[in-house]
Amino acid sequence: MRCRDAKFWLAAQRDGDLARPDALALQEHLKHCPACRAYEQRLGYLNTLLLTPTPRMHPSISTERIMLAVEQRKQISRQLEDIRTQQQTRMARMRVVGAPLAAMALFTLVSIPLLVLALAIVQPDLLEQTLPLLSNVVGVLIVLAEYFQVGLTLITQDSWLLLGVAFVLVVMMGMWLRLMRHPQEA
Ligand SMILES: [Zn+2]
């Protein structure tokens, strides 16, 4: 075997594609050829250099500390998840309780002007007597409605529809009050 072939086969052996008879022949050659043995050593050294992973940039950070940090992060994210779940259930409960309450309050508020309107059509005399009292009641109701609106903003921040309804209601009541006061002045 020639040294050139031996070097070629050494490379092949490193890559793992050398047939067994060839490997035996190569071993035989290496036994008798110091030059090729030196070459083999150099090749091996080069191999370890190439295959050894690059040294860590932060040797002071131990695996335990990394594991600890990961564990802490997991714990924090778990806690955040818990808080989020709690918030969601609280919001759901608020919606379940708040929606019917808001609907009832809105219905009551809307029904009062309608009731007064019906009264004005059926019994105008009675309305004339109770009008001053009703005006006061309506004034209180408007203040209450404003408070209600603020409450709605706090409870259902995402429910713009409900907020819009409350706003329209307040405007309607204001207009109604103006219309009702007019005959009193005349
Ligand atoms: Zn040789």
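Ligands are counted one by one from 1 in listed order, and the atoms in each one are counted from 1 as well.
Minimum interatomic distance between M1 and L26 (heavy atoms only, all atoms of both residues): CE-N, 3.8 Å.
With a cut-off of 2.8 Å, the protein N/O/S atoms near the Zn ion (ligand 1) add up to 4.
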Give every donor-acceptor pair under 3.5 Å between a side-chain atom in residues 105-121 and any protein atom, sequence neighbours left out.
unit_1 : atom_1 : unit_2 : atom_2 : d
T108   : OG1    : M104   : O      : 2.7
S111   : OG     : F107   : O      : 3.1
S111   : OG     : T108   : O      : 2.8

Can you list, pair by pair, the side-chain donor-acceptor contacts under 3.5 Å of residues 162-172, counting residues two or more places apart and other chains?
none

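Salt bridge absent: E40 and R37 never bring a charged side-chain N and a carboxylate O closer than 4.0 Å.
Screening residues 20-34 for side chain to side chain donor-acceptor pair (under 3.5 Å), with sequence neighbours left out, gives E28-H32.
To the nearest 0.5 Å, the span separating CD1 on I76 from CD on E81 amounts to 14.0 Å.
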